Structure formats: C-alpha cells, structure tokens
Amino acid sequence: MSSVTPAVSLDQEVNPWEAQSARFDFAARKLNLDEGLWKLLRMPAREIIVHFPVPMDNGRIEMFTGFRVQHNIARGPAKGGIRYSPDVTLDEVRALASWMTWKCAVVNIPFGGAKGGVICDPKAMSQGELERMTRRYTSEISDFIGPEKDVPAPDMNTNEQTMAWIMDTYSMHARRTVTSVVTGKPLNIGGSRGRIEATGRGVMVACGESLRYHNMNVDGCRVIIQGFGNVGSNSARLLMENGYKIIGIAEKDGGLYNSNGIDIRQLIEYKYRNGMILGFRGADAIPSDELMVMDCEVLIPAATENVITSRNADKIKARIIVEGANGPTTAVADEILAEKRIFVVPDILANAGGVTASYFEWVQDRQGYFWKEAIVNEQLESILRDSFDDVVRYAEAHNVNNRIAAYMLAIDRVAFTIRQRGIYA
Ligand code: GLU
C-alpha cells in the first residue's frame with residue numbers, strides 16, 4: 001500500500017484536521033472518488049464561531065469562544081458531541097465533525113456529522129458558571145441546532161447535566177419541551193437506558209469481534225486502557241465482567257499496573273471518592289507512557305487525540321488496538337502499526353456505540369416510547385457486530401487496513417446519497 005502521509009513535521013502530525021484529511025484523501029483516491037464529491041466532502045459545510053459573555057461568581061464578566069462545525073448533512077441531521085476544554089481549536093472541532101459523518105455512515109445510522117466545543121477550563125469553574133456558560137453558548141447556536149437540524153451530545157468534560165441545560169435552554173426559546181434536540185440526557189427527561197455506558201459497550205463488542213477474528217480466547221486476554229473517564233471506565237468494567245483481565249490503566253497524571261488484573265469496580269469507586277486513580281491500593285503505580293508500550297493483547301486508547309504517534313508506535317507490543325477515543329492515533333503512526341501487523345479497530349467504528357445509542361435516544365424521544373435496557377443493548381451490539389464485519393470484509397476485499405476500509409465504506413455511503421439527492425444549484 002502506498003503511503004497515507006507524505007513526510008510531515010510533528011506539528012502537522014498531531015493536527016487532527018491534517019490527520020483526518022490524510023486518511024480522507026487516501027481513501028478517496030482508493031475509491032476513485034469523483035473530483036467534485038472529493039472537494040465537497042473534504043470541507044465542513046458550516047463552521048460557527050461565537051464569542052459570548054458569561055457573568056462569573058466573582059461578579060466579573062468573562063468572554064468565552066465556542067464552536068459548532070457541521071461537516072455534512074446528506075444522510076440526515078448533523079450529530080455530534082460538545083466538548084469543554086482549554087485546548088479546543090477550530091481545527092480539532094472540524095476534524096471531530098468529519099469523523100462524526102464517517103462514524104454515522106460506518107454504522108449506517110441516518111445522521112450527518114457535527115461537533116462543538118467551548119474553550120474553557122471546566123475544572124476551574126463552579127456549577128453555576130458552567131450552567132451560565134452552557135446556556136449562553138446554547139442560545140448563541142440555537143438557530144443552527146434542533147431535532148431535524150443538528151443534535152448535540154456529551155463529549156469530553158460534558159455530561160447528562162450539560163445536556164439537561166442545553167435541552168432546557170432550547171426549550172425555553174421554543175416555548176415547549178423539545179427533548180430530541182440533544183442526546184445523552186438524564187433518564188427522566190428523555191434520556192435512553194444504556195446511553196451512558198454505550199460507548200464502552202461498543203468497545204467491548206469491538207474487542208470480542210477482534211478476538212474472534214484472530215481465533216483468540218477471552219481467557220488470558222490482557223488489556224491495557226488509556227483513560228478512565230466515561231469511555232475508559234465503562235469499557236474496563238464491561239470487559240472485566242466478560243472475563244478479560246485489565247492489567248493496566250493509564251491516566252494523564254499516572255498509571256496503575258497489576259499483572260493479576262485490576263478490580264475495576266473498586267477502582268471506579270476509588271476514583272469517584274478521590275477524583276483520581278492515583279493511590280489505589282489494588283495495583284502498582286507506573287508512568288502512563290510506560291504502560292502504553294507494555295506487553296498485552298489489547299490496548300484501548302480511550303481518552304483523547306494523539307496518544308499513539310511516531311514517538312511511541314514502534315514500541316507498542318499489543319496485538320490489537322481498539323480506539324475508544326476519537327483520533328488517538330496519528331496518520332504517521334498508522335503506518336508504523338501496519339508494518340508491525342497490529343490489528344487496529346479504528347475510532348469511527350470502535351467508539352460508534354455512543355452515537356448509536358444516541359440514535360436510539362432520538363428515536364425514543366420522537367416516538368415518546370422508551371425501550372427496556374436489554375433492547376437498547378441488544379440492538380447496539382447487533383449494529384456494531386455487523387459494522388465490524390462490514391469493515392473487516394471491506395479491508396480484505398480491497399487490501400487496505402481497517403481504518404482506510406472504514407473511511408472508504410463511509411465515504412462511499414455518503415457519496416452515494418449525495419449523487420442520489422443531486423446538488424442543489
Ligand atoms: N461524543 C460522542 C462521539 O464522539 C457521541 C456523539 C453523539 O452521541 O452524538 O461519538
């Protein structure tokens with residue numbers, strides 16, 4: 001296979017938009033995508049930037065910057081999370097928005113792709129400040145979101161409470177309760193059973209299918225997980241409950257290792273009480289970058305972008321990588337992993353459980369009829385198993401790696417829809 005990435009600097013390597021574009025261009029070329037559609041799908045359709053004031057607890061007014069990028073709506077309303085972080089950039093939100101388009105197409109749900117973000121430090125803000133910031137951001141973008149337009153959801157540092165505020169603010173403007181404007185809401189106001197752990201459940205399905213594909217057993221399967229937020233902790237718990245041995249958890253401020261397996265339920269409780277995993281008695285402390293390259297069968301990056309780069313990819317010993325986070329592997333690292341014959345389940349497949357359950361939530365809100373948790377889980381697992389199958393078969397048929405196969409499958413589905421609809425002019 002020719003190279004996905006021409007020689008790039010480290011700055012370029014870790015720019016998520018460059019990472020997305022490199023894979024997109026490569027997959028589009030492989031697909032022989034028509035030049036016009038190539039140009040169309042390469043760019044996000046709409047980028048909204050808002051600068052808005054928020055009264056802080058100390059009586060002063062602070063200005064915040066927020067983004068909402070809608071990459072494509074050919075297959076349905078735009079869909080994607082909102083993240084709060086000091087590091088949010090327009091390029092990052094752009095990349096994440098296009099990943100949502102590809103992700104929804106890979107699992108074949110009727111949504112386009114979007115993403116939002118606000119530059120802020122949520123850990124340094126009070127609940128009141130977060131609420132006022134969320135409500136004002138929502139009102140700034142309220143003309144552009146809606147059940148049929150663009151449906152936000154939680155992402156990094158946002159949660160059910162954030163979604164409840166967004167739903168309420170939007171509903172106050174609409175002068176009626178509009179639950180289906182966001183997903184990931186609390187259960188009693190239109191949330192779906194199974195949504196919170198859905199991304200973790202999808203990661204678990206991707207692990208199970210990967211083992212089956214390699215004729216490997218769950219017994220003795222050692223897993224290292226980077227990140228212990230919603231995705232990392234739920235993946236860890238579900239995997240442990242299904243017989244995997246979680247030997248390492250890596251977080252920003254340090255990692256934990258226990259060759260006999262870490263008791264994940266206890267660790268979740270410990271983190272809930274202490275706000276961090278450091279100091280947990282059931283495992284040894286170890287630097288996180290060391291954990292990433294330790295011997296294991298499955299490595300799950302489940303936190304953020306750029307944790308597998310040209311700096312560590314050649315040292316990774318895992319046989320299988322399941323990407324619970326968005327964009328954890330750079331395009332340069334992809335090629336190193338491919339040379340080492342590491343089997344990668346790419347983010348746009350592996351973490352699609354979250355948006356799949358969001359789809360179920362949106363459907364339930366619009367019907368006003370709510371499903372049992374077993375139904376949500378069963379439907380989710382079935383969609384992810386089928387999508388895994390689609391991607392690995394596509395990879396085999398076209399002699400490409402799983403990531404490029406997932407992009408090709410997704411681009412093909414979106415391009416097909418655009419051809420069918422035609423270009424309005
Ligand atoms: N933020 C999640 C993701 O990146 C979920 C998006 C959604 O449910 O719309 O997939």
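It should be emphasised that the depicted structure is a prediction, and the values quoted were computed from it without experimental measurement. First listed ligand is number 1; within each ligand, the first listed atom is number 1. The figures that follow rest on heavy atoms only: side chains count, while hydrogens, waters and symmetry mates do not.
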Report task. Nearest 0.5 Å please: distance from the CG atom of Asn274 over to the CD atom of Glu269. Result -> 10.5 Å
**Report entry** Contacts of Tyr270 that satisfy ring pair (Phe, Tyr, Trp, His ring centres under 6.0 Å) - sequence neighbours left out
**Finding:** Phe280
Query raised in the report: Which of parallel (below 30°), tilted (30 to 60°) and perpendicular (above 60°) describes Phe388 and Tyr213?
Result: perpendicular
Requested in this report: Classify the angle between the aromatic ring planes of Trp102 and Phe24 as parallel (below 30°), tilted (30 to 60°) or perpendicular (above 60°).
Outcome: parallel
Query - Phe111: partners by ring pair (Phe, Tyr, Trp, His ring centres under 6.0 Å), with sequence neighbours left out - result: Tyr359, Trp362
Query raised in the report: Name the residues with a heavy atom less than 4.0 Å from ligand 1?
Result: Lys79, Gly80, Gly81, Met100, Lys103, Lys115, Ala153, Pro154, Asp155, Arg195, Asn326, Gly354, Val355, Ser358
Without placing hydrogens or testing angles, list every side-chain donor-acceptor pair under 3.5 Å for residues 222-238, not counting sequence neighbours.
from   : atom 1 : to     : atom 2 : distance (Å)
Arg222 : NE     : Glu297 : OE1    : 2.9
Arg222 : NH2    : Glu297 : OE2    : 2.9
Asn230 : ND2    : Ile196 : O      : 3.1
Ser233 : OG     : Gly229 : O      : 2.6
Asn234 : OD1    : Arg237 : NH2    : 3.3
Asn234 : ND2    : Asn230 : O      : 3.0
Ser235 : OG     : Val231 : O      : 2.6
Arg237 : NH1    : Glu241 : OE1    : 3.4
Arg237 : NH1    : Glu241 : OE2    : 3.2
Arg237 : NH2    : Glu197 : OE1    : 2.8

